[in-house]
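Have a look at the structure below before the remarks.
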Amino acid sequence: MNDSEIKLLGFLSKNKHATIKEIEKSLGISPNSIASIAEQLSASGAVETSKQNVYSIKITDEGKSALEEGFPEEKLIKSLSASGGKEKLSKIGDNIGLIWAKKNKWVDIEGAEVGITKKGTLAAEAKEEYEASKILSELSKGKNEDIERIVDAQRSYIDILIKRKMIELKRHSNISHITITQKGAELLESNDGAEIDQLSRDIITGMKWKGKKFRPYAIEAPAEKVYPARLHPLHEFIDYVRSIWLNMGFTEVSGPIIESAFWNFDALFSPQDHPTRDMQDTFFLSNPKQLNVEDLEILNRVKKMHQKGWGEVWRADLAKQALLRTHLTSVSARNMKTFRDKRASEYPIKVFSIGRAFRNESIDYKHLAEFYQTDGIVIGSNLTLANLMSIMKSFYSKLHIDVKFMPSYFPFVEPGLQVYYHDDKLDDNVELIGAGVIRKEISKAIGTSKTILAWGGGIDRLMFNFFDIDSIVDLYKNDVGWLRTRGDLKL
Amino acid sequence: MATVTFELKEFYDKGIEKQRLITAVPEFGMEIESIDESSVTIDITPNRPDLLDFTGMVRQLRYFTKKTQPREKGYRIKEESGISVTIDPSVHDVRPFAACMVVNNADLSGNALKNLINFTEKLASTYGRKRRKMAIGIHNLDMVEGSNLLYAASRSKRIVPLGEKRDMSFDQVMASTDKGAEYSSIIPASGDPKFAFLEDKKKVLAMIPIINSEDTRVTESTKNLLAFVDGTSKKAVEDTLKILACSFIDSGATVSSCRMIYGGKEETTPDLTLREIRIRNSKIRKTIGSRLDQSEMISCANKMGYFGAKYGDYILAYVPPYRVDVLNEQDLIEDIAMGFGYLNIEPLPVMSAGGGTPDASSEYHNRLAKTMVGLGFTEAMNQYLTNERTNFENVSREYKKDEVISLMNSKTEAITMMRTDIIPSLLTNLMVSAKERMPQKIFEVGKVFKVENGKVVEQDRLAFVSAHSKANFSEAKSTIEAILMHRKGWTIEKHTDALFIEGRCAKAVANGAEIAVFGEIHPRVLSNFKIEEPVIAGEFVSL
């Protein structure tokens, strides 16, 4: 038992029984709380409650107009009396008042004529008050106690008023008296303190819980909602992709996002007049406009590679244009340089990167201007197309995708290939990533005679396979509700 | 990528079945974009302009399906046509290069004329970069007068444009024809524009790269043609003429050459000499990683149009003139791999001893993220692209143009620059989450971008915000101190930043440098983001 239950039982044991009002007065507990404590005690047999019907009443619009203008039958006999006591039935027409006037024996109907009776004349002259009207009027003015009395005393009229839709009556059952039982008295006696509610340091250290009961809680009652703090799902996915590369023996590398056209395009043999270098596809920068290419040796070799390969004038100013990298292959290009002359025993060198790339898209709910890519290279001797395919197959098998290969063209690889899988639901081939053997011209320009296998492509869209999202844009909206309640990645 | 559409019936006439077409096209690296009962649309990669041509596509398919063997002796030029073109120095700074040939016995009946027009249009728009780099003109040779043509540049010439009845000045053509409007961007608008043109004894045959003359219009019954290619790239001009020459020869016409006279120098075009690539068998095997024998390699090369021959441990492959993309043996190896079939290559693992090492900063960021989650913050990931309004104006911070990485060419006002701070991103997140239950606590570990002393700086940062009715300065301070728990030598100092309420803003300083700012966000800023609850925030400007 808790404190308030004991308090109530204590009061009852002195008074045997009490009304809610009396309890409210001496204990200062609100009637609602008293009722709910009493329900709890009653459930354990400590008290008995007697209930009382309580009525609440509502006068309808119909009832209000009867109050203001009189009942239809009253109106009828008044008009009959005024017109000499007789009227043709057809003139009265479809009148609810006629039915009730007949019932009240205020009128007689003879043939096609309605005539007022003596009783009717008395009523019309208001010598005798109309009972129904009187009750309705009392109800409309009455306080709660009066309503209960009227309802009990005038049941038949009340029913008629309900039937005539002049009032609506609701009945509640309220506790009126509470009486302590034998069991309640015993419980009170055996309880030399309350049941333990909130456990406290004091109770624990002072061993005060000994010999006491713990109040059981209503376990079905709703608890406050709390949410776990979580990582972003894209972070979780990227970490999973990282772990695949790491487990395959690849070392993680990174590179700049703000990049020169040189490392993004020229070093990769992309011709200077290639459409992807158009303003339509690439974000060029107005600040800074240019980025210096520090390594002049590589710059000169790249220049020669372009002049020889494309037979065009190659412009250093175009190579210096500052831009947002359009792919992570720029990172791979820089790493070809980083790893170009290591000790022979370190090869093959396997590196990967994951990061954001940017394209000048018109953004909408399906398209973003920035997205994640993964890119990788293997540098070494005796590396083959078959090796490249094996790397791609192992990587995607960890993502439960069975990939296939078809030839494809990228200016920086030869042979080049497209990694794809067949989506059974769409009955279509879905392209995943481009790959190939880096052209010798490029590796030589960067300063290595080694063979380089390379690949790169987006990973955001892969998330759709593991996570329920409608649109890639939702991923970056960061709606807090969604971040807290989203489902798990099905990796 | 460029797409071309062909009628399927035409392939059937050349002995190529629909099903075989569907399987073969991707095997040599092109993609079928769509196919129905009557036509097929194919994506052509930029390295194979020869496949934009129906004749070129049929040729590749017939080799690939082994219905035809490549020409052992290559493509023959019949003789000199006797036509010469004098290249006037006036074209030097406009379109300095030209190449020309004569075609006899052409058959342009049926779909042939339509195919030729489609092909030259696609070629000039993709390979020719919308005619800027290279343009093609095909003329009715029988209407060409005289044997010495002039290729020059001027503004004051006249031409009867294709489809018109009367002659017009070049300026009128630019002002009043559709083609003039379409290609006006190629012609410099300022100064005194000059147009390249081709002229015979009597008239202008073409105003280049805008329009040909009506006088030399080619029709389905035209048999003898003059093909003239010009542009800013010698390689593109000559390669285009080679592709066209092979196409005409493969469709049964004969080609004769023309002399191009540059001052004292003379050249004869087209040059259809076969190039030879000699490559060791083992090198092919070593690149592909499959055990192909020599005759298989030759057969694979043949499927891609090379005429291949054995030569001891080498194979000799003759590159057909239309394969302008083939630079050296690497391209041949790829073609042999395609001929063999990528699906037939057995994947082979790369052996290596070492394990993979994660990037130290990614690992550090992961640890920080986990600390933040432990402190009850949920992670947000925002775009790096933003705009001045969100990044500066709405957070009451000053826009310093010189320090901002700005886009030159965005398609939308929503993205004009790279963010310089993370807090504005997080406030935007709170704005879209207004209806969600409080407290809302989020963080982000990510990059910001700046130009400092003329150098680009890409900085890793951590920022957090907490929004709820009781959010206050001490919560911000507790969070900052929790993150800094294991670092030494830092102090908390007063700070002023209009983003925060004056007197409720501070910074963490270590070794004299600011490492974090934090405090209660000013209600003026909150209103800009339509946020109705108090918010505290902090941002580590160095990690």
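In what follows, every chain begins at residue 1, and chains take the letters A, B, ... in the order their sequences are listed. This structure is a prediction, so every number in the text was calculated from the model and none was measured.
- In this structure, CD1 on B:Ile345 lies 8.5 Å from CG on A:Leu417, to the nearest 0.5 angstrom.
- For B:Asn328 and A:Glu441, the side-chain atoms include at least one donor-acceptor pair closer than 3.5 Å.
- The existence of a salt bridge linking B:Lys435 and A:Asp479 is confirmed by a sub-4.0 Å separation between a basic side-chain nitrogen and an acidic carboxylate oxygen.
- For the pair A:Pro271/B:Arg129, a side-chain contact is recorded, criterion being any heavy-atom separation below 4.5 Å from C-beta on.
- At a threshold of 4.5 Å between non-hydrogen side-chain atoms, the residues A:Glu414 and B:Leu327 do not count as touching.
- Of all the heavy atoms in B:Pro358 and A:Leu246, the pair that sits closest is N-CD2, 3.4 Å.
- Checked for salt-bridge contact, B:Glu334 and A:Arg439 miss the test: no charged N lies under 4.0 Å from a carboxylate O.
- Sorted by first and then second residue, the side chain to side chain donor-acceptor pair (under 3.5 Å) pairs with a member in residues 371-386 of chain B read A:His235-B:Glu379, A:Asn478-B:Asn382, B:Asn382-B:Asn429, B:Asn382-B:Glu444; sequence neighbours excluded.
- When all heavy atoms of A:Gly309 and B:Lys235 are compared, the closest pair comes out as O-CE, 3.6 Å.
- The heavy-atom pair separating A:Met406 from B:Pro26 by the smallest distance is CB-O, 4.4 Å.
- Taking CD from B:Glu458 and CD from A:Glu259, the interatomic distance works out to 8.5 Å, rounded to the nearest 0.5 Å.
- To the nearest 0.5 Å, atom CE of residue B:Met408 and atom OG1 of residue A:Thr282 are 11.5 Å apart.
- Of all the heavy atoms in B:Leu385 and A:Glu370, the pair that sits closest is N-OE2, 2.8 Å.
- Considering every non-hydrogen atom in both B:Ile415 and A:Ala369, the closest pair reads CD1-CB, 3.8 Å.
- In this structure, chain B has heavy atoms under 4.5 Å from both the backbone and the side chain of A:Ile258.
- If you measure heavy-atom distances from B:Met418 to chain A, the contacts under 4.5 Å come from the side chain alone.
- Residues A:Phe284 and B:Asn409 come closest through the heavy atom pair N-OD1, 3.1 Å.
- Neither the backbone nor the side chain of A:Gln321 has a heavy atom closer than 4.5 Å to any heavy atom of chain B.
- Contact tally against chain A (heavy-atom pairs below 4.5 Å) for B:Glu27, B:Glu403, B:Lys130, B:Arg48: the top residue is B:Glu27.
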